[in-house]
**Student:** 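Structure in structure tokens, see below.
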Amino acid sequence: MVTEVRQEAAKAGVQPVPGPTGMHLAMLLFTSAVSVGTFALDNGLMRTPPMGWLAWERFRCDIDYRLSEDGWRELGYVYVNIDDCWASMDRDEKGRLQPDPKRFPGGIPKLARYMHDRGLKLGIYGDMGTHTCGGYPGTPLDKIKIDAQTFADWEVDMLKFDGCYSNATEQEQGYPLMSNALNATGRPIGYSCSWPAYQGGLPPKVNYTQLGKICNLWRNYGDIQDSWDSVLDIINWFFENQDTLIPAAGPGRWNDPDMLIIGDFGLSMDQSRAQMAIWAIMAAPLFMSNDLRTISSGARSILQNKMAISINQDPLGIQGRRIIKEKSGIDVYWRPLSKDDSALVFFSRRNDMPYRYQTSLKKLNYTTGSYKIFDVFTEKTMTLKDSTDFVVSVNPTGVVMWYVSAPAKLSLRQLYKGGKLQGFAYDDDENSIPPVFL
């Protein structure tokens, strides 16, 4: 396997760097494309939350590459993002950033071409301070224009712009300047800003109206770690502040609760389903940080769940909200979707045993009608009237996630037989669960 990995890396112009555990850092080879549109930032990108793979949580600076097929790109995971520690410690004679020649002997352009030839997009990391968080050369204010042009010349598709070793005044200037500089290159480059995470994530220090005009996505809160406590802390913060965060999100501008750690070491299968479901409800970017060489079949099936991805990628782009927080430890989350459909998540904060939660769609503010229900993780279907009580059994730290199709609408077509009115026909094709999921 190691020989095959190194051969794939060599094709991409990347030199593996030995580490204490040998080959590290899985880079993906997926198999389909995403569509793009236009919005306030004027770069036409990320009309739905971006999806892909990012190195940092799983591998930190221990950078190496393996390209895996397995259908990831078909599902929308198309960004392959290099994080910190990629750069040489010195800029070149023209003042430009340059990659570490030991790790990238072919340079970033060769790696970008390799990705593009396979229908992927290449993301890169920068920092607006004097140094990156890992201690590599940063992009202070006087270097923003040249670095933006360098990334464009390299045909990079996304920039994650961190904020270590910078102060609030420099961030206030630098994040908008980088947005303008990237646009001025003429190359569409998705722009991820870490600005709000360095300013507490909330107004008045954070202006989400401004962020939506300059960034495609932004980190609001601290870095995720490979533990359930970390995931739960992020969930708590986002939904405690949902009234501030929800209006900020929409097509081309996304709140980013950080990476998916499904397939690493810290989450059970129930907790992995919970992260996937709640990130889908939040319309969050879906950037995996894991080792795709060793990922379990269970974790793979969660990350490749077509209905969860469909909910996340819904073109309306409305971030969901928590509508109920029960004393029993059950939360209920709701997200409106296209065609009057919606998604529901029943989440258990309990640690003891499965909890049988009883409610009805009417109690969850659904209007009168019969609804088609698709269970995202069991793939079971049923029909529920709004007034019918039901019970969901939710495992500790787990979820039940539903795709809820809107009631069938009354058609203008009336059914006649023998010249007599027989009743009305319902056209429910537009309100049914997408057939690909049945």
**Student:** Check Asp147 with Arg96, please: is the shortest side-chain N to carboxylate O separation under 4.0 Å?
**Tutor:**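 Salt bridge flag = no for Asp147 with Arg96.
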**Student:** Are a donor atom and an acceptor atom from the side chains of Tyr125 and Asp162 found within less than 3.5 Å of each other?
**Tutor:**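 The criterion, which ignores hydrogens and geometry beyond distance, is satisfied for Asp162 and Tyr125.
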**Student:** So Leu211 and Arg253, do their side chains get closer than 4.5 Å, heavy atoms only?
**Tutor:** no
**Student:** I'd like to know if the side chain of Tyr77 and the backbone of Leu303 have a donor-acceptor N/O pair within less than 3.5 Å.
**Tutor:** yes
**Student:** Do Arg103 side-chain atoms and Pro99 backbone N/O form a donor-acceptor pair below 3.5 Å?
**Tutor:**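 Looks like no, no N/O pair under 3.5 Å.
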**Student:** Angle between ring planes, Tyr371 versus Tyr366, binned at 30° and 60°: parallel, tilted or perpendicular?
**Tutor:** perpendicular
**Student:** Taking Tyr198's backbone N and O only, do any of them form a donor-acceptor pair with Gln171's side chain (distance below 3.5 Å, no angle check)?
**Tutor:**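 Such a contact is absent between Gln171 side chain and Tyr198 backbone.
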**Student:** If you round to the nearest 0.5 Å, how far is CD1 of Ile262 from CG of Asp226?
**Tutor:**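 Answer for the CG-CD1 pair, Asp226 versus Ile262, is 11.0 Å.
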**Student:** How long is the span from the CG atom in Asp153 to the CD1 atom in Ile108, to the nearest 0.5 Å?
**Tutor:**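 CD1 of Ile108 is found 13.0 Å from CG of Asp153.
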**Student:** Starting at SG of Cys133, measure out to CG of Asp127 and round the result to the nearest 0.5 Å.
**Tutor:**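 Those atoms lie 5.0 Å apart.
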**Student:** Does a donor on one side chain sit under 3.5 Å from an acceptor on the other, for Thr397 and Asp270?
**Tutor:** no
**Student:** Any chance you could measure Glu379, atom CD, to Phe374, atom CZ, to the nearest 0.5 Å?
**Tutor:**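 Going from CD on Glu379 over to CZ on Phe374, the span is 5.0 Å.
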**Student:** Check whether any side-chain heavy atom of Asp223 lies under 4.5 Å from a side-chain heavy atom of Met259, and answer yes or no.
**Tutor:**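 No, too far: nothing below the 4.5 Å cut-off.
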**Student:** Give me the atom names and distance for the closest heavy-atom approach of Thr48 to Pro315.
**Tutor:**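 Distance-wise, the nearest heavy atoms are CG2-CA, 4.4 Å.
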**Student:** Show your reasoning for whether side chain to side chain contact (heavy atoms under 4.5 Å, CB included) applies to Leu54 and Asp83.
**Tutor:** CA-CA 7 Å; Leu54 202 157; Asp83 213 278; 2.9 Å; yes
**Student:** Could you check Ile234, Asp258, Asp256 and say which one makes a side chain to side chain contact (heavy atoms under 4.5 Å, CB included) with Trp279?
**Tutor:** Ile234
**Student:** For Pro396, is there any backbone N or O sitting under 3.5 Å from a side-chain donor or acceptor partner on Ser348?
**Tutor:**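 Answer holds: no.
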**Student:** Looking at every non-hydrogen atom in both residues, tell me the closest pair between Gln313 and Pro49 and how far apart they are.
**Tutor:** NE2-O, 2.7 Å
**Student:** Once rounded to the nearest 0.5 Å, what's the spacing between atom OG of Ser192 and atom CZ of Phe287?
**Tutor:**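 It comes to 7.5 Å.
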**Student:** Check whether any side-chain heavy atom of Gln275 sits under 4.5 Å from a side-chain heavy atom of Leu267, and report yes or no.
**Tutor:**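 Yes. Closest side-chain heavy atoms under 4.5 Å.
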**Student:** Mark yes when over 12 heavy atoms from residues, nucleotides or ligands other than Lys362 sit less than 6.0 Å from its NZ; otherwise mark no.
**Tutor:** no
**Student:** Is Leu111 close to Leu122 at the side-chain level, that is, under 4.5 Å between some pair of heavy atoms?
**Tutor:**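 Heavy-atom side-chain distance check passes, below 4.5 Å.
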**Student:** Tyr221 and side chain to side chain donor-acceptor pair (under 3.5 Å): which single residue from Asn255, Asn241, Asp233 fits?
**Tutor:** Asp233
**Student:** Looking only at heavy atoms, which two atoms of Ala152 and Arg187 are closest? And how far apart?
**Tutor:**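 So the minimum-distance heavy-atom pair works out to O-CD, 3.6 Å.
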**Student:** Determine, stepwise, if the pair Trp254 / Met282 fulfils side chain to side chain contact (heavy atoms under 4.5 Å, CB included).
**Tutor:** CA-CA 9 Å; Trp254 308 106; Met282 287 195 288; over 6 Å; no
**Student:** Can any side-chain N or O of Ser194 pair as donor or acceptor with the backbone N or O of Ala197 at less than 3.5 Å?
**Tutor:**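 Side chain of Ser194 to backbone of Ala197, a donor-acceptor pair under 3.5 Å: no, none is there.
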**Student:** Evaluate side chain to side chain contact (heavy atoms under 4.5 Å, CB included) for Met276 paired with Ile309, printing each intermediate quantity in order.
**Tutor:** CA-CA 9 Å; Met276 187 70 177; Ile309 292 171; 4.0 Å; yes
**Student:** With a 3.5 Å distance limit and no angle check, can you tell me whether Arg335 reaches the backbone of Ile311 through a side-chain donor-acceptor pair?
**Tutor:** yes
**Student:** Under a 3.5 Å distance rule, please check whether Gln173 uses its side chain to pair with a backbone N or O of Leu141 as donor and acceptor.
**Tutor:** no
**Student:** Counting distance only, does the side-chain N/O of Ser272 pair as donor-acceptor with the main-chain N or O of Ser268 below 3.5 Å?
**Tutor:**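 Checked: pair present.
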**Student:** Does atom CD (Glu172) have a neighbourhood of more than 12 heavy atoms from anything else shown, all under 6.0 Å?
**Tutor:** no
**Student:** Using only atom types and a distance under 3.5 Å, with no angle test, would you say the side chain of Gln210 pairs donor to acceptor with the backbone of Asn207?
**Tutor:** no
**Student:** Taking all atoms of both residues into account, what is the closest heavy-atom pair of Gly398 and Phe347, and its distance?
**Tutor:** O-CD1, 3.3 Å
**Student:** Only one of Val404, Asp386, Ile323 forms a side chain to side chain contact (heavy atoms under 4.5 Å, CB included) with Leu364, so which one is it?
**Tutor:**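 Among the candidates, only Ile323 passes.
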**Student:** Okay, side chain of Ser230, backbone of Gln225: is any donor-acceptor separation there less than 3.5 Å?
**Tutor:** yes
**Student:** Without hydrogens or angle criteria, can the side chains of Asn290 and Trp53 be said to hold a donor-acceptor pair below 3.5 Å?
**Tutor:**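 There is such a pair (donor and acceptor under 3.5 Å, judged by atom type) between the side chains of Asn290 and Trp53.
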**Student:** Do you know the tightest heavy-atom contact between Pro196 and Trp218?
**Tutor:** CG-CB, 3.8 Å
**Student:** Inspect the contact between Arg300 and Asp70 and indicate whether a charged nitrogen and a carboxylate oxygen are less than 4.0 angstrom apart.
**Tutor:**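 Salt bridge present between Asp70 and Arg300.
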**Student:** May I ask you to test the Asp100-Met89 pair for a side-chain heavy-atom distance under 4.5 Å?
**Tutor:** no
**Student:** Would you call the rings of Phe161 and Tyr191 parallel, tilted or perpendicular if under 30° counts as parallel and over 60° as perpendicular?
**Tutor:**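 Answer is tilted, since the angle falls between 30° and 60°.
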**Student:** Measuring centre to centre across the rings, with the benzene-like ring taken for any Trp, is Phe346 within less than 6.0 Å of Tyr333?
**Tutor:**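 Ring-ring flag for Phe346/Tyr333: false, centres at least 6.0 Å apart.
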**Student:** If I compare all heavy atoms of Lys94 with all of Ile146, which pair ends up nearest, and what's the gap?
**Tutor:** O-CD1, 3.4 Å
**Student:** With a 3.5 Å cut-off and no angle check, do the side chains of Asn236 and Arg349 form a donor-acceptor pair?
**Tutor:** yes
**Student:** Answer whether the closest heavy-atom distance between the side chains of Leu182 and Asn43 falls below 4.5 Å.
**Tutor:** no
**Student:** Val80 versus Lys121: any side-chain heavy-atom pair under 4.5 Å?
**Tutor:**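 The answer is no; the side chains never approach within 4.5 Å.
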**Student:** Check Asp331 with Arg322, please: is the shortest side-chain N to carboxylate O separation under 4.0 Å?
**Tutor:** yes
**Student:** Using the ring centroid of each side chain, check whether Trp86 and Trp154 are separated by less than 6.0 Å.
**Tutor:**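 Centroid distance Trp86-Trp154: below 6.0 Å, so yes.
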**Student:** Heavy-atom distance under 4.5 Å between the side chains of Arg91 and Lys143, does that happen here?
**Tutor:** yes
**Student:** Looking only at side chains, do Asp341 and Tyr403 share a donor and an acceptor under 3.5 Å apart?
**Tutor:**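 Distance-only check passes for Asp341 and Tyr403.
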**Student:** Can you tell me how far CD1 of Ile278 sits from CG of Asn312, rounded to the nearest 0.5 angstrom?
**Tutor:** 13.0 Å
**Student:** Start with the C-alpha distance between Ile302 and Met269, add both sets of side-chain angles, then the distance that settles side chain to side chain contact (heavy atoms under 4.5 Å, CB included), and finish with yes or no.
**Tutor:** CA-CA 9 Å; Ile302 293 168; Met269 284 296 101; 4.1 Å; yes
